[in-house]
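Read through the structure below, which is laid out as C-alpha coordinates, and then see the notes.
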Amino acid sequence: MENEVEVQNNAPKEGGKKGKSIAALILGIVSFVFSCIGLVAFPSGIIGLILGILGRKSESAKGMATTGIVFSILGILGAIVWIVLAMIGISASASEFMYY
(Lines give C-alpha, C1' and ligand atoms only; values in the text may rest on other atoms or scores of the structure.)
Protein backbone atom coordinates (compact mmCIF):
# COMPACT_ATOMS: atom_id res chain seq x y z
CA MET A 1 0.00 0.00 0.00
CA GLU A 2 1.21 3.44 -0.82
CA ASN A 3 -0.45 5.22 2.11
CA GLU A 4 1.32 3.30 4.89
CA VAL A 5 3.17 5.39 7.39
CA GLU A 6 6.32 4.06 8.96
CA VAL A 7 6.45 4.59 12.71
CA GLN A 8 9.84 5.40 14.15
CA ASN A 9 10.75 4.38 17.65
CA ASN A 10 12.78 7.20 19.21
CA ALA A 11 12.83 5.67 22.68
CA PRO A 12 16.23 5.05 24.24
CA LYS A 13 17.58 1.58 23.65
CA GLU A 14 18.46 1.12 27.32
CA GLY A 15 14.83 1.10 28.37
CA GLY A 16 15.17 3.90 30.93
CA LYS A 17 17.91 2.32 33.01
CA LYS A 18 19.28 5.70 34.05
CA GLY A 19 16.35 6.44 36.35
CA LYS A 20 18.10 5.65 39.62
CA SER A 21 21.16 7.67 38.66
CA ILE A 22 19.08 10.67 37.62
CA ALA A 23 17.01 10.47 40.80
CA ALA A 24 20.20 10.21 42.89
CA LEU A 25 21.62 13.29 41.16
CA ILE A 26 18.44 15.34 41.66
CA LEU A 27 18.03 14.31 45.30
CA GLY A 28 21.72 14.93 45.96
CA ILE A 29 21.48 18.44 44.56
CA VAL A 30 18.31 19.10 46.58
CA SER A 31 20.06 17.82 49.71
CA PHE A 32 23.09 20.03 49.07
CA VAL A 33 21.11 23.17 48.27
CA PHE A 34 18.76 22.78 51.24
CA SER A 35 21.41 21.60 53.70
CA CYS A 36 20.46 24.44 56.05
CA ILE A 37 17.03 22.82 56.41
CA GLY A 38 17.61 19.47 58.09
CA LEU A 39 14.09 18.19 57.46
CA VAL A 40 14.72 18.44 53.72
CA ALA A 41 18.42 17.58 53.57
CA PHE A 42 18.40 14.35 55.58
CA PRO A 43 15.64 12.43 53.78
CA SER A 44 16.66 13.56 50.31
CA GLY A 45 20.33 12.94 51.08
CA ILE A 46 19.76 9.44 52.42
CA ILE A 47 17.47 8.44 49.56
CA GLY A 48 19.85 10.01 47.05
CA LEU A 49 22.76 8.11 48.59
CA ILE A 50 20.90 4.78 48.39
CA LEU A 51 19.78 5.39 44.80
CA GLY A 52 23.29 6.47 43.84
CA ILE A 53 24.80 3.28 45.22
CA LEU A 54 22.18 1.19 43.44
CA GLY A 55 22.73 3.20 40.26
CA ARG A 56 26.47 2.59 40.31
CA LYS A 57 25.96 -1.15 40.65
CA SER A 58 23.45 -1.74 37.91
CA GLU A 59 23.38 1.05 35.38
CA SER A 60 25.36 2.66 32.64
CA ALA A 61 25.10 6.23 34.00
CA LYS A 62 27.75 5.80 36.68
CA GLY A 63 28.90 9.42 36.44
CA MET A 64 25.50 10.78 37.40
CA ALA A 65 25.22 8.21 40.19
CA THR A 66 28.64 9.17 41.56
CA THR A 67 27.79 12.87 41.42
CA GLY A 68 24.52 12.13 43.22
CA ILE A 69 26.40 10.24 45.92
CA VAL A 70 28.85 13.12 46.39
CA PHE A 71 26.11 15.77 46.58
CA SER A 72 24.07 13.59 48.96
CA ILE A 73 27.02 13.17 51.31
CA LEU A 74 27.80 16.90 51.18
CA GLY A 75 24.16 17.73 51.87
CA ILE A 76 23.98 15.40 54.86
CA LEU A 77 27.27 16.74 56.26
CA GLY A 78 26.10 20.31 55.68
CA ALA A 79 22.88 19.60 57.56
CA ILE A 80 24.85 18.12 60.46
CA VAL A 81 27.08 21.21 60.58
CA TRP A 82 24.03 23.52 60.58
CA ILE A 83 22.39 21.52 63.37
CA VAL A 84 25.58 21.57 65.49
CA LEU A 85 25.96 25.32 64.95
CA ALA A 86 22.33 25.86 65.91
CA MET A 87 22.77 23.81 69.07
CA ILE A 88 25.89 25.76 70.01
CA GLY A 89 24.08 29.05 69.41
CA ILE A 90 21.05 27.98 71.42
CA SER A 91 23.14 26.73 74.33
CA ALA A 92 25.29 29.85 74.31
CA SER A 93 22.28 32.15 74.37
CA ALA A 94 20.56 30.06 77.04
CA SER A 95 23.64 30.07 79.26
CA GLU A 96 23.87 33.87 79.10
CA PHE A 97 20.36 34.21 80.48
CA MET A 98 20.84 31.64 83.22
CA TYR A 99 23.38 33.72 85.13
CA TYR A 100 21.25 36.84 85.40
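We use all heavy atoms of the structure for the numbers below, so side chains are in, but hydrogens, waters and symmetry mates are not.
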- Task: Flag yes if Ile69 and Met64 sit in one hydrophobic cluster, no otherwise; membership is Ile, Leu, Val, Met, Phe, Trp, Tyr, and two members link when side-chain heavy atoms are under 4.5 Å apart.
- Result: no
- Message: I'd like to check the side-chain contact (heavy atoms from CB on, under 4.5 Å) partners of Leu85; sequence neighbours left out, ordered by chain and number.
- Response: Val81
- When clusters are formed by joining ILVMFWY residues with side-chain heavy atoms under 4.5 Å apart, either directly or through shared neighbours, do Ile76 and Ile83 land in the same one? yes
- Do Phe34 and Ile26 belong together in a cluster built from hydrophobic side chains that touch within less than 4.5 Å? yes
- Item | Distance-minimising heavy-atom pair for Lys20 and Gly55 | CB-CA, 4.3 Å
- Item | N/O donor-acceptor pair under 3.5 Å between Ser31 side chain and Leu27 backbone | no
- Message: Phe32: which residues meet the ring-ring contact (aromatic ring centres under 6.0 Å, His included) condition with it, sequence neighbours left out?
- Response: Phe71
- Can you see which heavy atom on Ala61 is nearest to which on Lys18, and at what distance? CB-CG, 3.8 Å
- Joint hydrophobic cluster, Leu39 plus Ile80, side-chain heavy atoms closer than 4.5 Å: no
- Message: Could you report the tightest heavy-atom contact between Ala79 and Gly38, atom names first, then the distance?
- Response: CB-CA, 4.4 Å
- Message: For residues Leu74 and Val33: do they belong to one hydrophobic cluster (side chain heavy atoms under 4.5 Å, members Ile, Leu, Val, Met, Phe, Trp, Tyr)?
- Response: yes
Ignoring hydrogens and angles, write down the donor-acceptor pairs under 3.5 Å from the side chains of residues 42-54, residues two or more places apart or on other chains.
| unit_1 | atom_1 | unit_2 | atom_2 | d |
| --- | --- | --- | --- | --- |
| Ser44 | OG | Val40 | O | 2.7 |
| Ser44 | OG | Ala41 | O | 3.4 |

- Query: What residues form a side-chain hydrogen bond (donor to acceptor under 3.5 Å, both in side chains) with Thr67, not counting sequence neighbours?
  - Reply: none
